[in-house]
Protein chains: 4
Amino acid sequence: MSPAKPSIDKREIIFSATIKLLAKYGFHGFSIKQLAEEAGVAAGTIYLYFKDRDELIRELNTQIIDDFIKATLDGHDPEQSIKHQYRRMCCNLWHFCIENPCITHSKAQFDHLPPDILRSQRSHAWVGLQPVKNLFEQGRNTKQIKNLSDDILISLSFEPYLFLSRQHLLGLIQVNDETLTHIIDASWDAIACSTATHGKHNQE
Amino acid sequence: MSPAKPSIDKREIIFSATIKLLAKYGFHGFSIKQLAEEAGVAAGTIYLYFKDRDELIRELNTQIIDDFIKATLDGHDPEQSIKHQYRRMCCNLWHFCIENPCITHSKAQFDHLPPDILRSQRSHAWVGLQPVKNLFEQGRNTKQIKNLSDDILISLSFEPYLFLSRQHLLGLIQVNDETLTHIIDASWDAIACSTATHGKHNQE
Amino acid sequence: MSPAKPSIDKREIIFSATIKLLAKYGFHGFSIKQLAEEAGVAAGTIYLYFKDRDELIRELNTQIIDDFIKATLDGHDPEQSIKHQYRRMCCNLWHFCIENPCITHSKAQFDHLPPDILRSQRSHAWVGLQPVKNLFEQGRNTKQIKNLSDDILISLSFEPYLFLSRQHLLGLIQVNDETLTHIIDASWDAIACSTATHGKHNQE
Amino acid sequence: MSPAKPSIDKREIIFSATIKLLAKYGFHGFSIKQLAEEAGVAAGTIYLYFKDRDELIRELNTQIIDDFIKATLDGHDPEQSIKHQYRRMCCNLWHFCIENPCITHSKAQFDHLPPDILRSQRSHAWVGLQPVKNLFEQGRNTKQIKNLSDDILISLSFEPYLFLSRQHLLGLIQVNDETLTHIIDASWDAIACSTATHGKHNQE
DNA sequence: AATGAATGAGGATTCATTCAT
DNA sequence: GATGAATGAATCCTCATTCAT
């Protein structure tokens, strides 16, 4: 608030304003002036906290990825059964998406950046996703999860939630709690070893 | 070529040039002047075929969707078994994606447009996807496919291919034919009725 | 004139407008917008002829140097006596300066650019100044001109005219034709071998 | 240093920092923020000592002129012979220039300001240059110096040193002590009455 | 006196679009 | 139909200056 102090929270204010505009207008669809207005600061102020537009976007990207991962892993307990852990993650992810529409829509923007940025983004993400890697590894070892690479398992299991939640937020589809349960089961089927379920019920 | 000729294909030339640039530089990453150069025409010429930049993008979007659908449905035969039809579609989709990198990357750009455009895009797509709807409907009726809405089934089954193929094209993952078979099986598991597989092999 | 033609002379129009503003407001004292207004074109038009502000300035610099050299060497005749040749050059230089106030003032701006630019400027200038080098060389060989390097001779002889003409143009001093003759004689004395004049009249 | 102290010398600190930046980056090539950093003070502090950027530059200009004059007149003794006085001044000027590169380069920046500023600059300078005026006056009266106005004599005699020293500092030319002696003699020839030297040696 | 966060006008540059040829 | 020079609004970003602390 006071102009002489470091204004620790102004950075956050700018971040949220960016997320809002990013979600509404897309990646290049808003100007710094608009952003300044939305954040309630002068245009020049933004450059006190970020070197330029690109850095702002890049740092926002990193933070959003971290937010997603943090939310997904909330309450994660490696002692639980594989499927239970997975369900929890899916549930977390879904609710984070629909409770944070702007972040969800913003994230989508980042999926289509130049390859080199995507690469560094990806490697950053995998660090935080270690528990997921562990889950997959353990699942593969115990024949509960198909013998596919982590990337592929992610694409088949978690990725659809991002797509679905965006559609839900746009009002294109309706997903209630019961439906969500079915979706989670369905996405589990995609990565689970079907042979392992033969003749017996889910091991959960 | 000669200015006196009607140049019926110039529209197509502009389209391909746009796809190329779209894939390489993203949605707002290229200018009309660049596009003109890539297409080998004058900047003004583009405005003879498209009202403005937006219209060009919009029409390109429509065409790309149609191309995807056409490719996916290639050789579609409703007489085959559900799973066979599905496999064929997945296979078609995958190969179209990796054989047309520019179109695949371009398509990704379109997934994140303002809501109203997405809506019209979606309704346009569903028209061409009638065979897919039929497939799903028939699958649900015969208990071979889970009782989920078309949108959700799409998200669980076909959507991951777009994500995966982009990663494959970027060199982030490697998918060979054998892996593809496994992925197709996995995505089938996502939408297939697991009860139907109990105690017997795939009904294909 | 016609928008579709290369507009060969628009470049010249922009050049003269730049010289005018450069003389009046100094190097960084005018904006592209001002320049556009002065030249009677749109701001964007300037960028059709010059990559950016720097290139415009750099090219203008080169042309001005050439203009100065061309004017100074006008009517140069190596067959004449050394002093006669020198007088002619001084006279040419002086009149060019006071007849082209804007160019004279602009030139002054260029004398104070970053070292590396000055270096390339200098080497460019020396190419055109070959006749002056020849004059100095011949003068040194015949003991009519002091045994000093070309650079030093230039500083002592021609350089003062630029300074004086600027003062004259600003109305700070008055130089009529008679005074000019004295100045030329004085500047000649600076570079001429004084021993050579002992006991006899000018060898002109 | 401590905010409670009167910091009488802070003005000087800012001055030197300005000279440094002026020499390196030119007139409009540095910002107040840069200056503050170079001076080791906060940006706002500069405004406690100078009304605005222009005033800072203007006052610096005045001081630099005074420094030049002071250095040039160092050890000046009106009792000495005219030529001796002149030599001393040239020598002083030269050494001041090459020992204070930043000041020399800065000065050059000031020579090309808007006319009205130049005018006031000039009148200020002439006040301190009274000894030079006296020298010239005495020289003219005794027929040792050409009958030209003070301005013209300055241009022919002292001005070249500024130009030469800048070239020397940039490494474009090399001037050692012996060469300097020749240059001083040459510049003396420019303003000295050549007839006065006929048949006798320098009256020094 | 000193600070430095905040401002916002003004700078250079880009680019979709127009239109005379 | 085709051109591409010209436009000028809109962009990002800089920076002199202010002022609460």
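These figures come from a predicted structure and were not determined experimentally. In what follows, chains are A, B, ... by sequence order, proteins preceding strands, each numbered from 1.
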> OP1 or OP2 of dA1(E) less than 4.0 angstrom from a side-chain nitrogen or oxygen of Lys10(D), does that happen here?
Replying inline: no

> Excluding sequence neighbours, so at least two apart, what forms side chain to side chain contact (heavy atoms under 4.5 Å, CB included) with Leu170(D)?
Replying inline: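 With sequence neighbours excluded, Leu170(D) shows a side chain to side chain contact (heavy atoms under 4.5 Å, CB included) to Pro115(C), Leu118(C), His105(D), Leu172(D), given in chain and number order.
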
> Can you name the residues that form a ring pair (Phe, Tyr, Trp, His ring centres under 6.0 Å) with Phe30(A), not counting sequence neighbours?
Replying inline: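 Scan of Phe30(A) (ring pair (Phe, Tyr, Trp, His ring centres under 6.0 Å), adjacent residues dropped) gives none.
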
When the distance from [atom1] of [X] to [atom2] of [N] is rounded to whole Å, what number comes out?
| X | N | atom1 | atom2 | value |
| --- | --- | --- | --- | --- |
| Leu35(A) | dT11(F) | CG | C1' | 14 Å |
| Arg11(D) | dA1(E) | CZ | P | 13 Å |
| Ile14(C) | dA6(F) | CD1 | C1' | 11 Å |
| Ile13(B) | dG1(F) | CD1 | C1' | 14 Å |
| Glu37(A) | dA9(E) | CD | P | 13 Å |

>> At under 4.0 Å between heavy atoms, how does the protein contact nucleotides 10-16 of chain E? Give one character per nucleotide, 5' to 3', with B, S or -.
In response: -SSBBSS

>> Would you call the rings of Phe110(B) and Phe27(B) parallel, tilted or perpendicular, taking 30° and 60° as the class edges?
In response: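 Plane angle over 60°, so perpendicular.
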
> So which nucleotide from dG8(F), dA6(F), dT3(F) ends up closest to the side chain of Val41(B)?
Replying inline: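 Of the options given, the side chain of Val41(B) lies nearest dT3(F).
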
>> If you only use heavy atoms from C-beta on, which nucleotide in dT7(F), dA1(E), dA2(F) is closest to the side chain of Tyr49(D)?
In response: dA1(E)

> Would Lys107(A) and Thr104(A) count as a side-chain contact (heavy atoms from CB on, under 4.5 Å) if you check the C-alpha gap in whole Å, the side-chain angles of each, and the deciding distance to 0.1 Å?
Replying inline: CA-CA 5 Å; Lys107(A) 168 143 185 43; Thr104(A) 301; 5.9 Å; no

>> Just to be sure I follow the notation: if a pair is Watson-Crick (purine N1 to pyrimidine N3 plus N6-O4 or O6-N4) or a G-U wobble (N1-O2 and O6-N3), each under 3.5 Å, what dot-bracket string does DNA chain E give, with | for pairs to another strand?
In response: .||||||||||||||||||||

Side chains of residues 59-67 of chain A: which donor-acceptor partners sit under 3.5 Å, not counting sequence neighbours?
from, atom 1, to, atom 2, distance (Å)
Glu59(A), OE1, Arg11(A), NH2, 2.1
Thr62(A), OG1, Arg58(A), O, 3.2
Asp66(A), OD1, His124(A), NE2, 2.9

> Is a side-chain donor or acceptor of Gln34(B) paired with a backbone partner of Ser31(B) at a separation under 3.5 angstrom?
Replying inline: yes

> Under the 3.5 angstrom rule, does the side chain of Ser106(C) hit a backbone N or O of Leu22(C) as a donor-acceptor pair?
Replying inline: no

>> Is any side-chain heavy atom of Tyr49(A) closer than 4.5 Å to one of Leu56(A)?
In response: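 Result no, sub-4.5 Å side-chain heavy-atom pair not found.
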
> When the nearest nucleotide of DNA chain F is assigned to Ile46(B) and to Leu48(C) on a heavy-atom basis, which residue is associated with the more 5' position?
Replying inline: Ile46(B)

> side-chain hydrogen bond (donor to acceptor under 3.5 Å, both in side chains) with Arg119(C): which residues, sequence neighbours excluded?
Replying inline: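 Applying side-chain hydrogen bond (donor to acceptor under 3.5 Å, both in side chains) to Arg119(C) gives none.
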
